[in-house]
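Note on naming: letters A, B, ... go to the chains in the order of the sequence lines (proteins, then strands), and numbering restarts at 1 for each one.
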There are 2 protein chains.
Amino acid sequence: METPGNKWLQVFEALANPHRLRIVACLRVNRMYVSELAREVRMSRPLLYMHLQRLEAAGLITGNLELSDDGKAMKYYELTEFEYVVTPESITEAVRTLTDKAAPETPHTKEDN
Amino acid sequence: METPGNKWLQVFEALANPHRLRIVACLRVNRMYVSELAREVRMSRPLLYMHLQRLEAAGLITGNLELSDDGKAMKYYELTEFEYVVTPESITEAVRTLTDKAAPETPHTKEDN
DNA sequence: ATCACCTGTAATAATAATATTACATGTGTT
DNA sequence: AACACATGTAATATTATTATTACAGGTGAT
């Protein structure tokens with residue numbers, strides 16, 4: 001789950017969603033707390049939560065809970081600086097360390113392929 | 001469906017799968033026909049078909065049907081040369097042309113967010 | 001105490017992606 | 001004619017993702 005190959009896959013999975021792309025674009029302007037961001041992208045907060053977790057798990061954003069002046073807890077998310085150059089070469093390199101539990105020893109189907 | 005933003009999303013969706021990453025890595029060595037590739041990646045042909053279509057739709061590979069010397073029809077797939085530099089900036093730029101039919105005018109939920 | 005904000009999550013519904021099975025077609029060879 | 005190998009797809013099952021609903025808790029201000 002932490003090899004370079006798996007990391008790449010996780011990044012692609014994180015970016016394979018229009019909402020999450022918008023979130024990234026949104027956070028690039030400046031960091032935001034969750035409720036604020038929910039209003040901005042017009043999304044329910046629980047749903048936004050899921051998307052944020054996927055982005056954070058991929059290492060594209062980071063969140064930290066802060067205490068505002070008036071004592072309210074606010075979770076701010078901000079962008080991580082990242083740069084992935086996606087080419088056949090880089091993908092090939094990533095695949096070398098892809099630990100896929102679903103790499104079968106035997107084919108899934110009959111020899112009808 | 002053909003704006004730069006949508007194209008980016010399609011590329012991310014295409015690469016967000018371990019099998020498809022392996023297919024790309026496989027085709028980088030040299031082009032292959034479908035049945036050959038199916039044996040190589042140990043996958044049923046119908047399933048491989050679906051993955052190939054997703055990769056081709058994203059413009060990462062191209063396939064063309066050829067006739068072998070002994071008259072058999074064989075569909076060869078080969079890699080496209082591509083390079084996507086994934087950064088907060090490039091994502092922001094892509095989002096500008098993201099035509100998401102699911103961009104609601106009103107929030108999905110009650111004002112409970 | 002009620003309101004207006006905020007965080008966090010569990011349970012579920014709805015939808016999309018993935019995978020399998022079964023079949024259609026064609027060729028050339030034994 | 002039966003076999004080995006190729007392409008192509010329709011129908012279905014399985015699994016994962018996405019989305020919603022309904023709650024829990026906290027703070028400070030009216």
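- Following rounding to the nearest Å, A/Met43 (CE) and D/dT21 (C1') show an atom-to-atom distance of 17 Å.
- In this structure, the CG atom of A/Leu37 is 14 Å from the C1' atom of C/dC6, given to the nearest Å.
- Between the OH atom in A/Tyr77 and the OH atom in A/Tyr33 there is a gap of 15.0 Å [rounded to 0.5 Å].
- Note on B/Ser35: a side-chain N or O is less than 4.0 Å away from OP1 or OP2 of D/dT7.
- Note that CG of A/Leu52 is 6.0 Å distant from CG of A/Leu37, once rounded to the nearest 0.5 Å.
- With D/dG8, C/dT20, D/dT18 as the candidates, the nucleotide lying closest to the side chain of A/Asn17 is D/dT18.
- B/Leu67 has its CG atom 9 Å from the P atom of C/dG28, to the nearest Å.
- The interatomic distance linking B/Glu56 (CD) with D/dT7 (P) rounds to 14 Å, in whole Å.
- Going from atom OH of A/Tyr49 over to atom P of D/dA24 covers 18 Å, rounded to whole Å.
- When the side-chain nitrogen and oxygen atoms of A/Arg54 are compared with OP1 and OP2 of D/dT18, one or more of them lie within a distance under 4.0 Å.
- Sequence order on DNA chain D of the closest nucleotides to A/Met50 and B/Tyr33 puts B/Tyr33 first from the 5' end.
- Between B/Glu13 atom CD and C/dT18 atom C1' there is a gap of 14 Å when expressed in whole angstrom units.
- The nucleotide whose nearest atom lies closest to any side-chain atom of A/Leu47 is, among C/dT20, D/dT20, C/dT9, D/dT20.
- Closest to the side chain of A/Arg45, from the set C/dG8, D/dA19, D/dA22, is C/dG8.
- Looking only at atom types and distance, the side chain of A/Thr97 has no donor-acceptor partner in the side chain of A/Asn6 under 3.5 Å away.
- A donor-acceptor pair under 3.5 Å is formed between the side chain of A/Arg22 and the backbone N or O of B/Leu98.
- Rounded to a whole Å, the CD atom of A/Glu66 is 17 Å from the C1' atom of D/dG26.
- B/Glu66 and B/Arg31 are joined by a salt bridge, as a carboxylate oxygen and a charged side-chain nitrogen come within less than 4.0 angstrom of each other.
- B/Arg42 has no side-chain polar atom (N or O) that falls below the 4.0 Å cut-off from OP1 or OP2 of C/dA19.
- Less than 4.0 Å separates DNA chain C from at least one heavy atom of each of the following residues of residues 69-79 of chain A: A/Lys72, A/Ala73, A/Met74, A/Lys75.
- For A/His51, counting side-chain heavy atoms from C-beta on, the closest listed nucleotide (D/dA19, D/dT18, D/dA6) is D/dA19.
- Between B/Glu89 and A/Arg28 a salt bridge is recorded (basic side-chain N to carboxylate O distance below 4.0 Å).
- A donor-acceptor pair under 3.5 Å links the side-chain atoms of A/Arg20 to the main chain of A/Glu13, judged by distance alone.
- Straight-line distance from the CD atom of A/Gln53 to the C1' atom of D/dA19: 14 Å, rounded to whole Å.
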